[in-house]
Protein chains: 2
Amino acid sequence: MAIPLKKVLDSDDTDRIDRGLLPDLVGYQLRLAQLAIFKDLKRTLQPYPISPGLFGVLVLIDANAGMKQTELAKAVHLDRSSVVSVIDNLETMKLVQRRAANGDRRSKALFLTAEGRRLLQRLKPLVLEHERRLTRHLSPAEQKTLVNLLRRIFPEHR
Amino acid sequence: MAIPLKKVLDSDDTDRIDRGLLPDLVGYQLRLAQLAIFKDLKRTLQPYPISPGLFGVLVLIDANAGMKQTELAKAVHLDRSSVVSVIDNLETMKLVQRRAANGDRRSKALFLTAEGRRLLQRLKPLVLEHERRLTRHLSPAEQKTLVNLLRRIFPEHR
DNA sequence: ATCAAATTGTTTGATGTCCACCAATTTTTC
DNA sequence: GAAAAATTGGTGGACATCAAACAATTTGAT
């Protein structure tokens, strides 16, 4: 069970690598942070067949019962065609229902099933626990600062 | 060319949507920001067959001539198998070369071709311009704060 | 020196996403 | 009211990514 010598010597590991101008790019740092967060959230949701993305979809449909697929697509920044298979999956899992929209025979209204709502309620505490873990090294003021700075990167996007 | 009436009335558009607890999640805000940034960077690199991800790979190989594929994989947070096709592509474009590594007959050493270096030098100003556009609403101090806060989310990742 | 374990690049198969279309339907224009 | 344009959910193809397997090779243990 001895630790390989090589490992010990370059405990720096990846860090002997020169990242050039990358670390100076806000987008690069953002991507790193986001990657790490998604990885953690994925592990948090592990026991359930729900990815971070699907969690977002459930939250949205729950908060906007009857919303149409195109609206959902816009809200989660997915292509309309991607939403089709996302909803297909959630429908197969009996978490979401497509119903005929009232005024428009083209569009479908999305609803969480009772089971979907139940699952979402069970998921939420896990996600909040994940969130606490993330921000554990940041004071509330710092969290606020972070979110505000992020928002200001693209003011045109509100 | 008149603007559709409907559009004018819900100029709120997506914004009549309730995002539930999502906006309170740091990971959600991060994902939004990162998505927008990648979209902008992609458009910036439009004239060249180089995605934001490929740009990062070029920078890394340039700064670490002779690095092996596994090292690259770790550095860009890609699977080893994904790096295979990434390098395949860059090699087809004659931007990168795989050479036999000196001490190890399993691994291959990666190098930028002259053309690869030339392209990278042409790309860098575009990326820096993109970066300026991003941070145009942030003072240098704020930029620093942002990057530091991001780094502190996962201290274990340095 | 030998043999077990780890590493490297690769292939294959699954998944998630986009894009370019499409038919049905609705909205706008004239 | 009829024709043109826009919108909606959907299909099919392309592509990026991962995970699991694999053969060749290197490293470690004894």
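Computed from a predicted structure; not experimentally measured.
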- Item | Sugar-phosphate only, base, or nothing, as touched by B/Arg80 at under 4.0 Å among non-hydrogen atoms | base
- Message: Mind checking if B/Ser82 touches a base, just sugar-phosphate, or nothing, with heavy atoms under 4.0 Å?
- Response: base
Over how many whole Å does the gap from [X] atom [atom1] to [N] atom [atom2] extend?
X        : N      : atom1 : atom2 : result
A/Gln34  : D/dT17 : CD    : P     : 14 Å
B/Leu35  : C/dG16 : CG    : P     : 17 Å
A/Arg99  : D/dG9  : CZ    : C1'   : 18 Å
A/Leu90  : C/dG16 : CG    : P     : 10 Å
A/Leu78  : D/dA16 : CG    : C1'   : 15 Å
B/Leu72  : C/dG9  : CG    : P     : 10 Å
A/Arg105 : C/dT27 : CZ    : P     : 11 Å
B/Asp88  : D/dC15 : CG    : P     : 14 Å

Would you say [N] has OP1 or OP2 under 4.0 Å from some side-chain N or O of [X]?
X        : N      : value
A/Lys108 : D/dG10 : yes
B/Gln69  : C/dT10 : yes
A/Arg98  : D/dG9  : no

Does [X] use its side chain to pair, donor to acceptor, with the backbone of [Y] at less than 3.5 Å?
X        : Y       : answer
B/Glu71  : B/Lys68 : yes
A/Asn64  : A/Leu60 : yes
B/Glu131 : A/Val26 : yes
B/Gln69  : B/Val84 : no

Among [options], find the nucleotide with the atom closest to the side chain of [X].
X       : options                : value
B/Asp79 : D/dT25, D/dC18, C/dT17 : D/dC18
A/Val84 : D/dG10, C/dT10, D/dT26 : D/dG10
B/Val86 : D/dT17, C/dC18, D/dG10 : D/dT17

- Given the rule in the side chain to side chain donor-acceptor pair (under 3.5 Å) test, do A/Thr44 and A/Arg133 qualify, once you have shown the distances and angles that lead to the verdict? CA-CA 11 Å; A/Thr44 301; A/Arg133 196 164 46 238; 2.8 Å; yes
- Check each residue of residues 45-60 of chain B for a non-hydrogen atom within less than 4.0 Å of any atom in DNA chain C, then write out the ones that pass by number, or none.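 Result for residues 45-60 of chain B: none.
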- Cationic tip of A/Arg122 within the cone over A/Tyr48's six-membered ring, i.e. under 6.0 Å and within 45° of the normal?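 Not flagged: A/Arg122 not positioned over aromatic ring of A/Tyr48.
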- Trace of the salt bridge (charged side-chain N to carboxylate O under 4.0 Å, His left out) decision for B/Glu142 with A/Arg152: CA-CA 11 Å; B/Glu142 288 171 328; A/Arg152 280 178 49 207; 3.0 Å; yes
- Message: Counting only heavy atoms not in A/Lys42 (residues, nucleotides, ligands), do more than 12 fall under 6.0 Å from its NZ?
- Response: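 Incorrect, the count does not exceed 12.
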- Assess whether one donor atom and one acceptor atom, taken from the side chain of A/Arg106 and the base of D/dT7, lie less than 3.5 Å apart.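 Looking at the base of D/dT7, it does pair with a donor or acceptor on the side chain of A/Arg106 (distance under 3.5 Å).
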- Item | Heavy-atom donor-acceptor pair, A/Ser81 side-chain to C/dC19 base, under 3.5 Å | yes
